[in-house]
Amino acid sequence: MTTANQGTRVLVLNSGSSSVKYQLLDMTDASRLAVGLVERIGEQTSRLKHTPLATGGASREQNGPIADHAAALKAVAAELAADGLGLDSTELAAIGHRVVHGGLKFSAPTVITDEVLAEIERLVPVAPLHNPANITGIRTAQALRPDLPQVAVFDTAFHTTMPESAARYAIDVATADEHRIRRYGFHGTSHAYVSRETAKLLGKAPEDVNVIVLHLGNGASASAVRGGRCVDTSMGLTPLEGLVMGTRSGDIDPAVTFHLVRNAGMSVDDVDALLNKKSGLVGLCGDNDMREIRRRCDEGDEKAQLAFDIYIHRLKKYIGAYYAVLGKVDAIAFTAGVGENAAPVREAAVTGLEELGLAVDGELNAVRSESPRLISPEYARVAVAVVPTDEELEIAQQTYALVTPALNS
């Protein structure tokens, strides 16, 4: 898909159920012109924080009710216009939307048409918390700029290269196919970006590198990337499967659900809320902030220490499993809020895995930086890296490549 539009700017929108994150980028040099967040949409205490990076101005805030996503995006457009960066600018080439679930149909960024939007809606049953908000953001942006290409970049797309042996659950095939039950994976834009940046850090092409990517934030996922292609990932049909997360349980015996329904009198919705919102670190110790958990550990808090140990145990299991899946590993990359900032997590995750060629240099690991860096000693067979993720840049790059004639000629 190409367009005659010669603009070089891309607006990236990430619409949540009650929030909109946005960034405006100039793709000539991937610079950020403005960033912002609208939160608590639909409440009396709504807030819009806008930072005009292009002008070097101070951040501005609006506080007060913002009724819905349409009002939120109109407010964002007004803030951008105040900086000379309005949505009516001919410099705007496209709007890129983060869409959480693309199923099997969407394995690449896609210009949004009525048919594409209908398919995203059909996927709502497997992404009930995310796709509806993404759809709302898309429709609102379309109303503001109906003449502009709108591009969906899917969290699941990077994982569509998984072989069937990794993507299929061992349940009745007909039932699985009828209800689209399979492992889709999420955080795909982050895993794609970080795996490529890790290869660059090693001075190699992505196709020559095998990487285990550990995206550790409040939501957390791992992926095994062979030669630039995902071959396995920890999240499944939904983002609930896999690692221990801030409020999600991760892997659990499916029969726990039956047990709670039959013996604890819980409804299916109760169990859903338990596993997604009241489990993980917060369920284990009451906190889902790793900084607070580590502080409590240092003070001898046994609950916090157990939560940390369970978190690390699950993380090590996935490192070992993906090492086996890949056969040969060139690097392990930590990313996202916890992965980039929690040195104790990185150290604990590889401690005891020296026979696999993994080690962390204590001094390098303690350094805080916003740049990609190696934290393993020179003698280590497998590089251990910290690679800050940049999902907005990844979305912008994919969007711009799709709509720019020069990149498609």
Side-chain angles (χ1 to χ4, degrees), residues 156 158-171 176 182-188 190-192 194-199 201-202 204-216 219-245 248-254 309-336 338-339 345-360 374-377 379-387:
T156 50
F158 183 63
H159 304 304
T160 58
T161 56
M162 284 193 294
E164 286 292 278
S165 56
R168 283 273 184 186
Y169 290 112
I171 66 173
R182 62 186 290 118
R183 302 183 62 250
Y184 294 100
F186 299 89
H187 295 148
S190 177
H191 287 280
V194 170
S195 60
R196 282 201 319 275
E197 289 297 304
T198 302
L201 188 62
L202 299 180
K204 298 180 180 180
E207 56 266 26
D208 296 327
V209 176
N210 289 357
V211 184
I212 297 173
V213 178
L214 303 172
H215 177 110
L216 307 179
S221 60
S223 67
V225 183
R226 177 183 293 127
R229 294 166 61 86
C230 177
V231 295
D232 206 349
T233 193
S234 58
M235 286 179 168
L237 173 72
T238 75
L240 180 59
E241 186 179 0
L243 302 175
V244 174
M245 304 176 222
R248 298 179 191 136
S249 65
D251 292 340
I252 194 168
D253 183 345
D309 292 345
I310 292 171
Y311 183 94
I312 295 299
H313 179 76
R314 186 81 54 84
L315 196 53
K316 281 187 176 182
K317 283 177 67 174
Y318 270 91
I319 291 172
Y322 287 171
Y323 207 117
V325 167
L326 292 170
K328 171 182 176 293
V329 176
D330 297 289
I332 291 179
F334 290 88
T335 193
V338 175
V345 169
R346 298 191 296 260
E347 179 180 9
V350 301
T351 297
L353 303 182
E354 291 80 10
E355 290 297 317
L356 297 180
L358 291 162
V360 163
L374 295 177
I375 59 171
S376 48
Y379 65 78
R381 295 199 317 272
V382 178
V384 179
V386 180
V387 180

**Study point:** Min side-chain heavy-atom separation Leu374-Leu201 under 4.5 Å
**Key:** yes
Practice item. Please report the closest heavy-atom contact between Val209 and Lys204, naming both atoms and the distance. Key: CG2-CB, 3.6 Å
Exercise for review: Would you name the heavy atoms of Val231 and Pro163 that are closest together and state the gap between them?
Suggested key: O-CD, 3.4 Å
Study note, to complete from the structure: Nearest heavy-atom approach of Ser195 to Phe158 is OG-CZ, 3.9 Å
Point to revise | Check: Ser376 side chain, Val384 main-chain N or O, donor-acceptor pair, under 3.5 Å | key: yes
Review point. Is a side-chain donor or acceptor of Arg182 paired with a backbone partner of Ala176 at a separation under 3.5 angstrom?
Key: no
Review point. After noting the C-alpha distance and the side-chain angles of Met235 and His215, does the key distance pass the side chain to side chain contact (heavy atoms under 4.5 Å, CB included) rule?
Key: CA-CA 11 Å; Met235 286 179 168; His215 177 110; over 6 Å; no
Check your understanding: Distance from Arg168 atom CZ to Met162 atom CE, nearest 0.5 Å?
Key -> 12.0 Å
Check your understanding: Could you give the distance from CD (Glu241) to CZ (Phe186), rounded to the nearest 0.5 Å?
Key -> 10.0 Å
Point to revise | Inter-residue atom distance Lys316.NZ - Thr351.OG1, 0.5 Å rounding | key: 6.0 Å
Revision key, fill the gap. Closest heavy-atom pair, Ser221 versus His187, reported as atoms and distance to 0.1 Å, is OG-ND1, 2.7 Å
Practice item. Might you point out which heavy atoms bring Ile312 and Ala348 nearest each other, and give the distance in Å? Key: CG2-O, 3.6 Å
**Study point:** Val225 backbone acceptor or donor facing Ser223 side chain under 3.5 Å
**Key:** no
Exercise for review: Measure from the side-chain N and O atoms of Tyr169 to the backbone N and O of Leu237, and report whether any donor-acceptor pair falls under 3.5 Å.
Suggested key: yes
Check your understanding: Any side-chain heavy atom of His191 sitting closer than 4.5 Å to one from Cys230?
Key -> no
Check your understanding: Is it true that a side-chain atom of Arg196 and a backbone atom of Gly228 form a donor plus acceptor pair closer than 3.5 Å?
Key -> no
List the atom pairs, donor and acceptor, that lie under 3.5 Å between side-chain atoms in residues 319-336 and the rest of the protein, sequence neighbours left out.
{"residue": "Tyr322", "atom": "OH", "partner": "Thr233", "partner atom": "N", "Å": "3.4"}
{"residue": "Tyr322", "atom": "OH", "partner": "Thr233", "partner atom": "O", "Å": "3.2"}
{"residue": "Tyr322", "atom": "OH", "partner": "Ser234", "partner atom": "N", "Å": "3.1"}
{"residue": "Tyr323", "atom": "OH", "partner": "Leu356", "partner atom": "O", "Å": "2.7"}
{"residue": "Lys328", "atom": "NZ", "partner": "Asp330", "partner atom": "OD1", "Å": "2.5"}
{"residue": "Lys328", "atom": "NZ", "partner": "Asp330", "partner atom": "OD2", "Å": "3.2"}
{"residue": "Asp330", "atom": "OD2", "partner": "Asn210", "partner atom": "N", "Å": "2.8"}
{"residue": "Thr335", "atom": "OG1", "partner": "Glu340", "partner atom": "OE2", "Å": "3.3"}
{"residue": "Thr335", "atom": "OG1", "partner": "Val387", "partner atom": "O", "Å": "2.6"}
{"residue": "Thr335", "atom": "OG1", "partner": "Thr389", "partner atom": "N", "Å": "3.0"}

Practice item. Could you pull out the closest heavy-atom pair between Val350 and Ala359, with the gap in Å? Key: CG2-C, 4.4 Å
Point to revise | Atom pair CG/CG of Leu202 and Asp208 - distance to nearest 0.5 Å | key: 11.0 Å
Practice item. With sequence neighbours excluded, tell me which residues meet side-chain hydrogen bond (donor to acceptor under 3.5 Å, both in side chains) with Asp251. Key: Tyr318
Practice item. Decide yes or no on side chain to side chain contact (heavy atoms under 4.5 Å, CB included) for Leu315 and Val345, but give the supporting numbers first. Key: CA-CA 10 Å; Leu315 196 53; Val345 169; 4.2 Å; yes
